[in-house]
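On a predicted model such as this, the values are computed, not experimentally measured, just so you know. Throughout, a chain's letter reflects where its sequence line sits, starting with A, and its residues are numbered from 1.
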Number of protein chains: 2
Amino acid sequence: MSTPILRRNTLQRQVILEELRRLHSHPTAPELYRIVRTRLPRISLGTVYRNLELLGQIGLVRRLELGGGETRFDGDPSQHDHVRCIRCAEVTDIRQPPGLRVEPAFGTLSGYRILGHRLEYYGICPDCQQREDRRGDGS
Amino acid sequence: MSTPILRRNTLQRQVILEELRRLHSHPTAPELYRIVRTRLPRISLGTVYRNLELLGQIGLVRRLELGGGETRFDGDPSQHDHVRCIRCAEVTDIRQPPGLRVEPAFGTLSGYRILGHRLEYYGICPDCQQREDRRGDGS
DNA sequence: GTGTATGCAAAGCCTTTGCAGCATG
DNA sequence: CATGCTGCAAAGGCTTTGCATACAC
């Protein structure tokens, strides 16, 4: 119940959170590791994982378990959904969910006690659309 | 455009599809491998992966990229959603989506050309609810 | 017989974890 | 100074892939 507290405010933790917040690319842990390492060359991948885990528990970071078999991280923990490009795998935030009612009255569903949902759209991002239009499609 | 054809109807392929259809547990490839191996002791994990990939392309099998960083497979390729138990990680089909409108008019969304969506609920399954009620909650 | 599919094994990722030393509060 | 955190490295799991062989057609 009691919210876990950030025990120590290490430089590594600060930088990880800073970079994750600045990025809007929803990186995986290894991706974020490569970026953070430009500022902290001696940081380890394990530290990145441990901090993302901890920041996720606190609620400062959101763990995204979307498609692709990877776990991505989002520096914006507020409620929002995502679109993923099936061509370039880019993941983009959707700011205003277009007035849909996904949650089934928070009751039961097959006997489950429903606590929430995860919604992900997929499609083709603007860049990839251009790229394909330019080539006249054709697969 | 033309649907890829099942080139050869090998015993391995048959058994993989059979077992996946019988199971309602949405197994990962390694899990399915362990099961199939009871019938075909000499089958290899690589074969399981290759067949799941192929069966997925044909549309006989559905690839589920839900949470948990694993890829799971569903022997029922029809359109339906899933609930995942946050306690025991079980994944269950939802047969009748409760009349919701998820797709945003199939137009653009942040410039994306939307092709579809993936919706996953999470909550607590009946068994885990019982287990927790019995213990009077606590943690 | 031809060419696809298989079994085997290696390799590449992602992720977690044990441990000794460091540094935060 | 106590101990949470870090860096390092090993280990485990999932997934893909190259190759020679086997087998479906």
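With a 4.5 Å cut-off on side-chain heavy atoms, B/Ile16 and B/Ile43 count as touching. For the pair B/Leu60/B/Arg21, a side-chain contact is recorded, criterion being any heavy-atom separation below 4.5 Å from C-beta on.
For A/Thr71 and C/dT15, the shortest distance from a side-chain N or O to OP1 or OP2 is below 4.0 Å.
The CZ atom of B/Arg34 sits 10 Å away from the C1' atom of D/dC14 (whole-angstrom rounding). Atom CG in A/Asn51 sits about 15 Å away from atom C1' in C/dT15, given to the nearest Å. The separation between B/Gln57 atom CD and C/dA5 atom P is 11 Å, rounded to whole Å. Between the OH atom of A/Tyr33 and the C1' atom of C/dC13 there is a distance of 14 Å, rounded to whole Å. At whole-Å resolution of the value, CZ in B/Arg13 and C1' in C/dG7 are 15 Å apart. What separates CZ of B/Phe73 from P of D/dT15 is a distance of 7 Å, to the nearest Å. As a whole-Å value, the separation of A/Leu32 CG from C/dC13 C1' is 17 Å. Atom CD1 in B/Ile16 sits roughly 12 Å away from atom P in C/dA5 (whole-Å rounding).
Taking every heavy atom of both residues into account, B/Thr28 and B/Phe73 meet most closely at C-CD1, 4.5 Å. Closest approach of A/Asp74 to A/His82, counting heavy atoms only: OD2-NE2, 3.1 Å. What you find for A/His117 and B/Tyr121 is that their closest heavy atoms are CB-CD2, 3.8 Å. Nearest heavy atoms, A/Leu45 versus A/Pro30: CD1-CA, 4.0 Å. Between B/Cys85 and B/Cys125, the closest heavy-atom pair is SG-N, 3.4 Å.
Ion pairing between a basic and an acidic side chain is recognised when a charged N comes within 4.0 Å of a carboxylate O; A/Glu31 and A/Arg34 show no such pairing.
Side-chain atoms of B/Gln129 come within 3.5 Å of backbone N or O of A/Gly111 as a donor-acceptor pair. With hydrogens and angles ignored, the 3.5 Å screen pairs a side-chain donor or acceptor of A/Arg13 with a backbone N or O of A/Arg8.
Pairing analysis of DNA chain C (Watson-Crick: purine N1 to pyrimidine N3 plus N6-O4 or O6-N4; G-U wobble: N1-O2 and O6-N3; both under 3.5 Å) yields stems of 3 or more pairs at C:1-25 with D:1-25.
Using a 30° and 60° split on the angle between ring planes, A/His80 and A/His26 fall in the tilted class, from 30° to 60°.
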- prompt: Taking protein heavy atoms under 4.0 Å as touching, what does nucleotides 17-25 of chain D look like 5' to 3' if B marks base contact, S marks sugar-phosphate-only contact and - marks none?
  reply: BB----BBS

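Heavy-atom distances under 4.0 Å link DNA chain D to no residue of residues 35-43 of chain B.
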